[in-house]
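Worksheet: the structure to be examined is printed underneath.
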Amino acid sequence: MNKTVQELAIKENVQLNEDTNLLIFEAPDLKEDLLPGQFANVLVKDSTTTFLRRPFSIYDFDKKTGSFSLIIKKVGDGTRKLCQFNAGEKLSVIYPLGKSFSLPNRDEKVLLIGGGSGIAPMMIMAKAIAHLTSEIHILLGARAAKDHIELEKFEKVGKLHLTTEDGSLGEKGFVIHHSLFNDIKSFDRIYTCGPNPMMKAIGDIAIENDVPCEVSLENMMGCGFGVCLCCVTDTHDKGHQCVCTDGPVFNAKEVKW
Amino acid sequence: MNKTVQELAIKENVQLNEDTNLLIFEAPDLKEDLLPGQFANVLVKDSTTTFLRRPFSIYDFDKKTGSFSLIIKKVGDGTRKLCQFNAGEKLSVIYPLGKSFSLPNRDEKVLLIGGGSGIAPMMIMAKAIAHLTSEIHILLGARAAKDHIELEKFEKVGKLHLTTEDGSLGEKGFVIHHSLFNDIKSFDRIYTCGPNPMMKAIGDIAIENDVPCEVSLENMMGCGFGVCLCCVTDTHDKGHQCVCTDGPVFNAKEVKW
Amino acid sequence: MVNLKVKINDIELKNPVLTASGTFGYGYEFSDFIDLNRLGGFVVKGTTLHPRQGNAYPRMAETPSGMLNAVGLQNKGVDYFIEHIYPKIKDVDSKVFVNLSGSTVEDYIIGAEKLNEVKGLAGIELNISCPNVKEGGMAFGVTCPGAEAVVKAVREVYDSTLMVKLSPNVTDVAEIARAVEGAGADSISLINTLLGMAVDAEKRKPILSTVTGGLSGPAVKPVALRMVWQVANAVKVPIVGMGGIMNATDAIEFLLAGATAVQLGTANFIDPEVTVKVVEGIEEYMNRHNISDIHDIIGGLQL
Amino acid sequence: MVNLKVKINDIELKNPVLTASGTFGYGYEFSDFIDLNRLGGFVVKGTTLHPRQGNAYPRMAETPSGMLNAVGLQNKGVDYFIEHIYPKIKDVDSKVFVNLSGSTVEDYIIGAEKLNEVKGLAGIELNISCPNVKEGGMAFGVTCPGAEAVVKAVREVYDSTLMVKLSPNVTDVAEIARAVEGAGADSISLINTLLGMAVDAEKRKPILSTVTGGLSGPAVKPVALRMVWQVANAVKVPIVGMGGIMNATDAIEFLLAGATAVQLGTANFIDPEVTVKVVEGIEEYMNRHNISDIHDIIGGLQL
Ligand SMILES: Cc1cc2nc3c(=O)[nH]c(=O)nc-3n(C[C@H](O)[C@H](O)[C@H](O)COP(=O)(O)OP(=O)(O)OC[C@H]3O[C@@H](n4cnc5c(N)ncnc54)[C@H](O)[C@@H]3O)c2cc1C
Ligand SMILES: Cc1cc2nc3c(=O)[nH]c(=O)nc-3n(C[C@H](O)[C@H](O)[C@H](O)COP(=O)(O)OP(=O)(O)OC[C@H]3O[C@@H](n4cnc5c(N)ncnc54)[C@H](O)[C@@H]3O)c2cc1C
Ligand SMILES: Cc1cc2nc3c(=O)[nH]c(=O)nc-3n(C[C@H](O)[C@H](O)[C@H](O)COP(=O)(O)O)c2cc1C
Ligand SMILES: Cc1cc2nc3c(=O)[nH]c(=O)nc-3n(C[C@H](O)[C@H](O)[C@H](O)COP(=O)(O)O)c2cc1C
Ligand code: FES
Ligand code: FES
């Protein structure tokens, strides 16, 4: 699908918890699939502090109703402002941007790991591979029970596993402490998105255990479509690669953390 | 009254015509009179283009309900944005600023002339002098009938005279073409606010005819309280004077236009 | 119909709207968004003789009405450009300029010699003002002898239009402009980025890996306008103005101040369609003001 | 309780928050808004030997995240200041600095001699960087010999704290800073305004009566931070940083970059209570980060 810049109306803005909202956009032109890992770059209207756009992974989309959604965690001025817009207001959105996760082979056992706002691409990914395999395990990590969001929806698209740092829900600890990692070799593929230290740790374990692993990076972006060269990650074979166009999805083996 | 900077809630935002709104602010602390000619300096919240505050004359106030109002004409980004805020929203306002018109002597015949958004201070002025004289004439000029606003209110506080450039209401022409000027010597004092060319023309006639005349200037302001020295007008005796603190009201004789 | 055509040396641009180097990739990245044929021209990413990896991440910081970048001229080198990239854009009906950078005068010369062989290229924009590389770059652009030396050397080997891009990080930009004109520049473009810095107060660290970087965007517009104005009063060659242009009004301000054409940089990140909107906005302005020829705007500031 | 006290030469400030010249009048204009005793100090409006009318209106233009001014040092002269203004502010429990400007070295000397007699004055901020006057002003501040000459001359006649305010409109601010330190400055403050320009596209005219003016406000913060950082690495005397500080976070960025104190300018126009809020915000930051002494922030940038 070609990328476009469009003024899209907010269909719904749902507060999921204290610091996270779900923003559903009306996208009447949406005729093709959005791919898991792709993102949208949103202009923060009326912000006196946020000059550049802000990138967010596609969480879900629906070609029938012509809509897609983002999960936005309030971490600074831009995200706080975005979560304040009401249904009906229009925002300028560039999408779809970036490359997709590669898809698993038929019937492979797959592990999707999301941490923090990195859970977003795991929903679209789980749905995208549902026709390929039924062995979809989704491991989500958060600080505490109240930080876990959209669990009912995730439960519908895979076998859900949870961790919390304080042990208030699921297993206690970080995602890599989860008991799934005791038998990590049983998985054919791992896909992950979240804070860099988490993805690095998962990538290291995957490499050690010879499990193919893809990570979706969240580097700061100037443009989102490959022209400013600000978002680079260093890689082993290809030097600096643009997270926005060469990624955001990379093979864990490639990334020099 | 000491000047303060306060977050004041908008009590009402009334669209008066296509390009002009009446903004009523809740000012629960308002215990003293606001003086005719004084102004408020309003911060344009959430504007990406308006950095400095915007000054507006006090149009009216009410100590009993604790409120005051401004008339805002949309001429640029700042004023357009201000007219969009809804009742209940809070804006940062510095007020009261500037010096007052001088008051007429008892029973003097007074002419208040307002052009464009310069009509605003004429309301508070008419009310402020009501106890001194009943000979209050108010002359308002506008481009066309639809640009004349708040006429019913002005009718209550003085004898109303109107001009329009296209003759669609009142006498045709600029305010200085109004027939009142045929016998301008019959007035003891003139007070005016509006575009500079209008005020200069009125001032010149007043001086020629020896009628004391005060003008309220609308120079661009950086601060509004006398520290940036950006708002100056040149004067005959005192050189550069600050419109925000030495004015906005000046004797027409003083101003070097 | 209004006339939007302007000339830079003997290169005719269909309108005065170009894109700024490093903000428009190689053009084709924008083909989903706009029709590249609508542009007066575009200046491709800063190119050096040898490939460069650029600086480490983070290379960007947001600032009030602007941004800092410290990309550091990441590019695949001039040979790669000529062989693999230029063929993809040479047929666009617009003018292509290559932004050429170097660490030594020798680098600039060899790069220019190679580009001199490229048919159809409108010209070189000589970048003597990049604040984001340790050696060379801005160093040439901040002294008259430095600027003169590199422009002279390149002029000797380069036959097409030689536009020289000046640094704003100088005491007297007019003096540098005169030196560059004297050394043979056909045109002067300015401004490159202002050297700036951003700090993360919570982490107590610089935000950029390089500590300092180049400031661009609306924040720099007043400085850019002033410098365009100063340079326009100092030299005779056509000036290409840039720095914070976000819309047609901004572009017209630069034209009034004396620029023959403008470049749009950071604005492309915020609205990838901005260039075409600016072309249309200039047309609309001319119609509204009854101006039939863009030359009546250029340098038309009334004092 | 955290320690906010800093020293500039032998002047102790109760906290590192000062106000910038030309944006805070003579202090008393703010007494409706804030308790002046809460400030580390304040720098009064630029003062010259003889009264000055300043430039013609319009003197101001709004720009993206900033403003241009072309006030041109309107003031009633140093004698009037000493006789009529200083008595009104001398009892404030804060430190008062006079921003002294001149057209000739002689002017600066006589002005400084007069101020040398004023008891209780914390010091002079020598303005060798005003972009808004034709003669003198910035001219002194943009070359090493110029800056050196005026600082040396004033140093000879002035005994209290001599702070020298640098212009950002230079190629190498560190070089000027070293010259000024060598000439006897006790402290260096920076930045003054960046020379800029604004155009009214509709009227096709410059907005300022003087065409160019001085840019201030958040737009210049990245440039100011970079210069403070460069100067902090170049000299030993305490640095007073300014340029676009709007809140405590901004102030802390300057302290981290190496400033011993900061000045707030344009921010006062937007929020006349901002200075006190910044003092409180710094305290809050220190408590949150478990920092008990402000000196642990000053120059504390981790590379
Ligand atoms: C490909 C991609 C997908 C993402 N998906 C999501 C998502 O689905 N949900 C979600 O909540 N967040 C997502 N993020 C992160 C999100 O973009 C940032 O949280 C957001 O930009 C912060 O903006 P702010 O103004 O609130 O924060 P700021 O106050 O600007 O900064 C807070 C922190 O956010 C990060 N940040 C700031 N600007 C950018 C930028 N332009 N690009 C990237 N990071 C930035 C920085 O690390 C900074 O420390 C994604 C980022 C990328 C690159
Ligand atoms: C003492 C005083 C009283 C005023 N009273 C009223 C009033 O009662 N009602 C009303 O509608 N308007 C009044 N004005 C004018 C009003 O302040 C301007 O129309 C407003 O600031 C324009 O802001 P903007 O962002 O919409 O326009 P901009 O796009 O910024 O500019 C449009 C025009 O407005 C003027 N302007 C811009 N900034 C300022 C500024 N900071 N101060 C003054 N003028 C400026 C300029 O001449 C400019 O050409 C008053 C001005 C002053 C100084
Ligand atoms: C991310 C980025 C990369 C840049 N790379 C280059 C470059 O390679 N060569 C160059 O001459 N200028 C480069 N510039 C400077 C721009 O071409 C332009 O001079 C500057 O950004 C000011 O214009 P603007 O405010 O419209 O962006 C770069 C600017 C940005 C923001
Ligand atoms: C309206 C105005 C007047 C100024 N007058 C002076 C002055 O008289 N002397 C001086 O040294 N600096 C003067 N300055 C510069 C400020 O002191 C300060 O250096 C500059 O504004 C940058 O800080 P800021 O961004 O916090 O405003 C003036 C600035 C403004 C905005
Ligand atoms: S964000 Fe601009 S190249 Fe990736
Ligand atoms: S507006 Fe600042 S002195 Fe009048």
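First the proteins, then the strands, lettered A, B, ... as listed; each starts at 1.
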Open item on the list: Looking only at heavy atoms and a cut-off of under 4.5 Å, which of Asp234(A), Asn219(A), Leu43(A), Thr4(A) has the most pairs with chain C?
Closed with: Asn219(A)

TODO: Using non-hydrogen atoms and a 4.5 Å limit, figure out which bit of Pro58(C) sits close to chain A: side chain, backbone, both or neither.
DONE: side chain

- [ ] May I ask you to decide if Lys88(C)'s main-chain N or O and Tyr26(C)'s side chain share a donor-acceptor pair within less than 3.5 Å?
- [x] no

- [ ] Please flag which part of Asn2(A) lies under 4.5 Å from any non-hydrogen atom of chain C: side chain, backbone, both or neither.
- [x] both

Task: Side chain / backbone / both / neither for Ala61(C) at chain A, heavy atoms under 4.5 Å - done: neither

- [ ] Rounded to the nearest 0.5 Å, what's the gap from OG on Ser216(A) to CE on Met199(A)? Could you check?
- [x] 6.5 Å

Task: chain A contacts, top residue of Lys45(C), Gln74(C), Arg59(C) (heavy-atom pairs, under 4.5 Å) - done: Arg59(C)

Open item on the list: With chain A as the partner, which of Gly66(C), Pro218(C), Ala56(C) has the greatest number of non-hydrogen pairs under 4.5 Å?
Closed with: Gly66(C)

TODO: Give a yes or no on whether the backbone of Leu195(C) and the side-chain of Asn169(C) come within a donor-acceptor separation of less than 3.5 Å.
DONE: yes

- [ ] Go through Glu273(C), Glu62(C), Met60(C), Glu29(C) and name the one with the most non-hydrogen pairs under 4.5 angstrom from chain A.
- [x] Glu62(C)

Task: Contact origin within Ser31(C) toward chain A - heavy atom pairs under 4.5 Å - done: neither

Task: Donor on one side chain, acceptor on other, Gln263(C) and Glu125(C), under 3.5 Å - done: yes

TODO: Mark yes or no for whether Tyr59(A), through its side chain, and Ile119(A), through its backbone, hold a donor-acceptor pair below 3.5 Å.
DONE: no

Task: Distance-only polar pair, side chains of Asn268(C) and Thr275(C), donor-acceptor under 3.5 Å - done: no

Open item on the list: Could you check whether atom CG of Asn37(C) has more than 12 heavy atoms from other residues, nucleotides or ligands sitting under 6.0 Å from it?
Closed with: yes

Task: Region of Thr50(A) that comes under 4.5 Å of a non-hydrogen atom in chain C - done: both

TODO: Quick one: sort the Phe30(C) and Phe24(C) rings into parallel, tilted or perpendicular, breaks at 30° and 60°.
DONE: parallel

TODO: Please look at Leu52(A) and chain C and tell me whether the side chain, the backbone, both or neither of the residue comes under 4.5 angstrom of a heavy atom of that chain.
DONE: both

Task: Contact origin within Asn41(A) toward chain C - heavy atom pairs under 4.5 Å - done: neither

